[in-house]
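Contents: one structure, followed by commentary.
Throughout, protein chains are lettered first and strands after them, A, B, ... in sequence-line order, and every chain is numbered starting at 1.
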Amino acid sequence: MFLVGTMQLIRGAQAAGLPCSAARRTLRAVSHVVPIGSTLSQSQEVVAGPATTVREPRALPTQSHRSGAEINVYRMSVRVRFAPSPTGFLHIGGARTALFNWLYARHTGGTFILRIEDTDSARNTQEAVEVILNGLRWLGLDWDEGPTIGSVSDPGKGRCGPYFQSQRGPIYQKRVQELKDKGLAYDHDGAVKFKMERKPIVIPDLVVGNVTRELTDREKLDPDFVIVRSDGQPVFHLVNVIDDLEMRITHVIRGEDHLTNSAKHIALFRALDVAPPQYAHIPLILNIDGTKMSKRDHGASLTTYLEEGYAPEALVNYLCLLGWSPKENREKVTLDEVIRLFDLPQVLRHNARFDIDKLHWLDGEYIREMGDERFRELAAQALTRAGYDTKKYSPGYLRAALDTCKGKIKRFGELAAYAGFYFTDEVKLDPASAAKDFTPENRDRLGRLRAAFAGLSTFDFVTLESTLKKVAVELAVKAGALVHPARMACTGSAAGPSLYHLLEVLGKERVLQRIDRVLAI
RNA sequence: GACCCUAUAGUCUAGCGGUUAGGACACCUCCCUUUCACGGAGGUAGCCCGGGUUCGAUUCCCGGUAGGGUCGCCA
């Protein structure tokens, strides 16, 4: 922990022109400097221990020391970031990356920063940024620093802004000039290229361990890479590093697809005389068949889960289970508990496949256990999305109708098919089921049931049940012989809420109407 | 092609130098039941392959295979 803290301090100290005053204060406090790379194995060892994550207020670094070493160390609080590109789309894997960053920040009492990587101006629209902000909000991942609205004119919150890369041009220009002055960058065909290190680079990673990255055969031909395009736009590798440096990011938690890129980033940090942050490359999320989840694949976009009526808390829980485990054979874990248990060294190294069936199960668990108010709210939203105008009905009716569905559905997207009959006058009968249920024999029985219902003065589920059973006895049939046709007549479906409760909610008038309609066919 | 990561049932995972290899989803059977869902009981199914180390490897090492990633004036 001490060495890690020291490394972070050096980074902060060496980052010139820091916009954050806390870093300057810390800078003065540094009393001991360790050469970059000299403590890698130790920091690996240290981070694997239980004391890796320091739970502390994120205010000022606290002083600590250990006997024997005689080194004063100031713990710097964790600063992590989620840095998506506004493509108009938030990938489920990106959402998981955001989640793990958020969890680590919350676990350590650190800071979670949102930065918009909009260097490609063609993609930079306010709508595209809003997709990201709304996605994170939906999941409940609040950020401590970053934009508050999708517009680049928004200064956002936090003191390390602007948080849109498109607004940070001068910062990049200054750093590029610095590299040029050092002879580590040069003009080439109108672009600027970085003079890459020619030796293998070790990437210390909290999840994977130390990774030694050799040059590929293509890179051996020309290891240098473009950092500023010929049109003047800086490229990802450059801005990513500069922003992480300027924003004093201590831990870079990102998808494993960036692992080998990190060699370039580390070289860039060194060229800027700054110790790189700690890296943690988390495994990717694959399709259920093991292929890469691309934009086109169903379920790749976070929006899908909102539209299909999953509860965000269930999705968050499920995402936590991909590449991480709370152990002790537990599946359902509250966010507070995940925050308490989560840590980087315990993140798995292998990719995980997205199993929609398990998400579905978890979603059902959450829906069953959520408060009635929230259930009604999400249920009404789902019905509205499905095209039902629930506002046409009284609040009491809506509420009673929805309450018969609580604990029955596993996903709000199922609600329209399950309970849509409450909110329409046109009950659609499934032809096959109708033919099966409305045999001449059943019609006679339904007629008897209708007559019994018509004579009721109270139309509650208790009365309805006893009435139906009484009719069944009179007809010498099982209750089911009446239940099924009645359900089909009133709902058009073989599956749905408890029949007696649903009849009560529908009310005598509607029930008789629906039965009459079937008998008239 | 080169480089990097990974490997426990169909899927997500726990675990370990000696375990009847644990849990969950899914699947199957039965029970409960007004349908569905829930709940209860039970079941099928797993340590990628080959060497090495060891008294003993699923576990440690090496190789292979397979899957994934990277090598852009995309991010």
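- Residue contacts for Lys410(A): at a heavy-atom cut-off of 4.0 Å it reaches the sugar-phosphate backbone alone, with no base atom in range.
- Using the six-membered ring where Trp is involved, His237(A) and Phe225(A) have ring planes that are perpendicular, over 60° apart on the 30 and 60° scheme.
- Close to rU70(B), at under 4.0 Å from its OP1 or OP2, lies no side-chain N or O of Arg218(A).
- With hydrogens and angles ignored, a donor-acceptor pair under 3.5 angstrom links the side chain of Tyr418(A) to the base of rC36(B).
- rA66(B) atom P lies 15 Å from atom CZ of Arg353(A), rounded to whole Å.
- When the P atom of rG15(B) is taken as reference, atom CG of Asn329(A) falls 10 Å away, rounded to whole Å.
- The nucleotide rA14(B) finds no pairing partner, because no Watson-Crick or G-U wobble arrangement with both distances shorter than 3.5 Å includes it.
- Nucleic acid contact for His484(A): sugar-phosphate only, since backbone atoms but no base atoms lie under 4.0 Å from a heavy atom of the residue.
- Across all strands, Asn240(A) comes closer than 4.0 Å to no nucleic acid atom at all (heavy-atom distances).
- Here rG72(B) presents its P atom at 16 Å from CG of Leu238(A), a figure rounded to the nearest Å.
- The number of heavy-atom neighbours closer than 6.0 Å to CD of Glu441(A), taken from other residues, nucleotides and ligands shown, is 12 or below.
- When the nucleotides rA75(B), rC25(B), rC71(B) are ranked by their closest atom to the side chain of Trp361(A), rC25(B) comes out on top.
- Residue Lys292(A) has its side chain nearest to rG68(B) when only rC73(B), rU13(B), rG68(B) are considered.
- Base pairing analysis places rC71(B) opposite rG1(B); the two distances defining the Watson-Crick or G-U wobble pair are each below 3.5 Å.
- Using a 4.0 Å heavy-atom distance criterion, His258(A) is classed as a base contact.
- The base of rG23(B) lies close enough to the side chain of Glu331(A) for a donor and an acceptor atom to sit less than 3.5 Å apart.
- Leu499(A) comes within contact range of at least one nucleobase, with a heavy-atom separation under 4.0 Å.
- One C1' atom belongs to rC3(B), the other to rA45(B), and the distance between them is 37 Å to the nearest Å.
- Place Pro234(A) and Thr291(A) on RNA chain B by their nearest nucleotides, and Thr291(A) ends up nearer the 5' end.
- Comparing the same atom, C1', in rG23(B) and in rC4(B) gives a spacing of 33 Å after rounding to whole Å.
- Counting to the nearest Å, the C1' atom of rC25(B) and the CZ atom of Arg330(A) are 18 Å from each other.
- Between His501(A) and Phe461(A), the ring planes lie parallel to each other; the angle is under 30°, not in the 30° to 60° tilted range.
- What separates NZ of Lys220(A) from C1' of rC4(B) is a distance of 13 Å, to the nearest Å.
- Residue Tyr500(A) is in base contact, counting any heavy-atom pair closer than 4.0 Å across all strands shown.
- When each of rC74(B), rG23(B), rC4(B) is scored by its nearest atom to the side-chain atoms of Glu214(A), the top-ranked nucleotide is rC4(B).
- When heavy atoms are screened at a 4.0 angstrom cut-off, Gly323(A) is found touching the sugar-phosphate backbone but no base atom.
- Residue Asp355(A) places its side chain closer to rG10(B) than to any other of rG10(B), rC71(B), rA75(B).
- Pro497(A) comes within contact range of at least one nucleobase, with a heavy-atom separation under 4.0 Å.
- If you check rA75(B), rA2(B), rU13(B) against the side chain of Leu348(A), the one that comes closest is rU13(B).
- Checked by atom type, the side-chain pair Tyr318(A)/Asp355(A) shows no donor-acceptor distance below 3.5 Å.
- Residue contacts for Arg368(A): at a heavy-atom cut-off of 4.0 Å it reaches the sugar-phosphate backbone alone, with no base atom in range.
- Nearest-nucleotide positions on RNA chain B place Leu359(A) closer to the 5' end than the other of Leu359(A) and Arg487(A).
- Contact annotation for Thr212(A): backbone-only contact, meaning every heavy-atom pair under 4.0 Å involves sugar-phosphate atoms and none involves a base.
- When the P atom of rC4(B) is taken as reference, atom CG of Asn351(A) falls 17 Å away, rounded to whole Å.
- When distances are taken from the side chain of Asp257(A) to each of rC71(B), rA75(B), rU70(B), the shortest belongs to rU70(B).
- Residue contacts for Lys408(A): at a heavy-atom cut-off of 4.0 Å it reaches a base atom on one of the strands shown.
- Of the candidates rC5(B), rU13(B), rC71(B), the closest approach to any side-chain atom of Val211(A) belongs to rC5(B).
- The side chain of Lys327(A) contributes no N or O atom lying less than 4.0 Å from OP1 or OP2 of rU13(B).
- Atom name P, nucleotides rG56(B) and rG15(B): the rounded distance is 27 Å, in whole Å.
- Figure legend. rC27(B) is base-paired to rG43(B); pairs are counted as Watson-Crick or G-U wobble with both atom distances under 3.5 Å.
- The backbone N or O of Glu331(A) lies less than 3.5 Å from a partner atom in the side chain of Asn317(A), making a donor-acceptor pair.
- The partner of rA66(B) is rU6(B), by the rule that a Watson-Crick or G-U pair needs both atom distances under 3.5 Å.
- On the C1' atoms, rG22(B) is 12 Å away from rC16(B), given to the nearest whole Å.
- With hydrogens and angles left out, the side chain of Thr260(A) and the base of rC71(B) share no donor-acceptor pair within 3.5 Å.
- Ring-plane geometry between His188(A) and Tyr186(A) is classed as perpendicular, the angle between the planes exceeding 60 degrees on a 0 to 90 degree scale with a lower cut at 30.
- The phosphate of rA75(B) (OP1 or OP2) has a side-chain N or O of Thr119(A) nearer than 4.0 angstrom.
- Among the atoms of the strands shown, none is found under 4.0 Å from any heavy atom of Lys193(A).
- rU53(B) and rU59(B) have their P atoms separated by 15 Å, given to the nearest Å.
- A gap of 37 Å separates the C1' atoms of rG17(B) and rC28(B), to the nearest Å.
- Nucleotide rA75(B) holds its C1' atom 13 Å from the CD atom of Gln233(A), rounded to whole Å.
- Residue contacts for Asn261(A): at a heavy-atom cut-off of 4.0 Å it reaches a base atom on one of the strands shown.
- Of the candidate nucleotides rG15(B), rU35(B), rC73(B), rC73(B) has the atom nearest to the side chain of Val235(A).
- For Arg229(A), a side-chain nitrogen or oxygen approaches OP1 or OP2 of rC74(B) to under 4.0 Å.
- The side chain of His350(A) has rU6(B) as its nearest neighbour among rA75(B), rU6(B), rA26(B).
- A 4.5 Å side-chain heavy-atom check between Leu302(A) and Val131(A) finds every atom pair outside the cut-off.
- Atom pair Glu256(A):CD and rA7(B):C1' shows a separation of 13 Å (rounding to whole Å applied).
- Side chain of Thr491(A) to main chain of Met488(A): no donor-acceptor pair is present (N/O by atom type, distance under 3.5 Å, no hydrogens or angles).
- Side-chain contact between Met247(A) and Arg81(A): absent, with no pair of heavy atoms (C-beta onward) separated by less than 4.5 Å.
- Nucleic acid contact class of Ala494(A) (heavy atoms, under 4.0 Å, all strands): base.
- Remark: rA57(B) base-pairs with no nucleotide in the shown strands. Criterion, Watson-Crick or G-U wobble with two distances under 3.5 Å.
- No side-chain donor from either of Asn261(A) and Arg254(A) sits under 3.5 Å from a side-chain acceptor of the other.
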